[in-house]
Structures are given as C-alpha cells and as structure tokens.
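Encoded as structure tokens, the structure appears first; notes follow it.
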Amino acid sequence: MKELQDVPFVVWVCLAAVLLLQGTLLFRNAQKRGKGRMAWFWGLWGLTGFPTPLFCYLLFVVLPDRRRAKRRP
C-alpha cells in the first residue's frame, strides 16, 4: 500500500480528469450515434479504465458504422 501513497496528488487529479473526459466523450458520441441505453454502458465503462474502453468503442461501434456508411450508395 505504500506505493499508492508515493504517487503525487497531481497524478491522481490528472487520472481522474482523463477518465471523466473519456467517459463523457464516449457517452455523448454513443448518444449521437443513436445507441440508446448502450450510451450509458459506454459512458460508465469509460469511467473505469483507460484506454481499453476507448479501443473497444472504436472497434465495436465506430468501425462498423463507417463500414455501413461506405456500403450505402
């Protein structure tokens, strides 16, 4: 537990800011794409870690939407 006490407060604040920003951006983007209740899932998951939720969102939401848009004439 001593290792956590050695981390400066500024690092914790930056980490919290990054997680909050990521969760907010994922939520708002999922809402814009019309994902309904899944927007809450992406937003909450975005608050838990970095960068795994972001990569998964890009892989499972953004990429398929772009592929679908390309196929439309």
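Rounding to the nearest 0.5 Å gives a distance of 11.5 Å between CZ of Arg33 and CH2 of Trp42. Rounding to the nearest 0.5 angstrom, the gap separating the CG atom in Asn29 from the OG1 atom in Thr24 is 12.0 Å. Separating the CG atom in Leu21 from the CG atom in Leu47 is a distance of 10.5 Å, to the nearest 0.5 Å. We find the CZ-CZ distance between Phe50 and Phe55 to be 7.0 Å, quoted to the nearest 0.5 Å. To the nearest 0.5 Å, the span separating CZ on Phe27 from OH on Tyr57 amounts to 11.0 Å. Note that the CH2 atom of Trp40 and the CD atom of Gln31 stand 7.5 Å from one another [nearest 0.5 Å].
At a threshold of 4.5 Å between side-chain heavy atoms, the hydrophobic network of Ile, Leu, Val, Met, Phe, Trp and Tyr places Leu44 and Leu19 in two separate groups. Side-chain heavy atoms closer than 4.5 Å link hydrophobic residues (I, L, V, M, F, W, Y) into clusters, and following such links, possibly through other members, connects Leu58 to Val61. Note on Val10: it does not cluster hydrophobically with Val7, by side-chain heavy-atom contacts below 4.5 Å among ILVMFWY residues. In terms of hydrophobic clustering, with Ile, Leu, Val, Met, Phe, Trp and Tyr side chains grouped at heavy-atom distances under 4.5 Å, Phe41 and Leu54 are assigned to a common cluster. Val18 and Trp12 fall within a single hydrophobic cluster, where Ile, Leu, Val, Met, Phe, Trp and Tyr are joined by side-chain heavy atoms under 4.5 Å apart, directly or via other members.
Across all non-hydrogen atoms, the minimal contact from Gly46 to Leu26 is CA-CD1, 3.9 Å.
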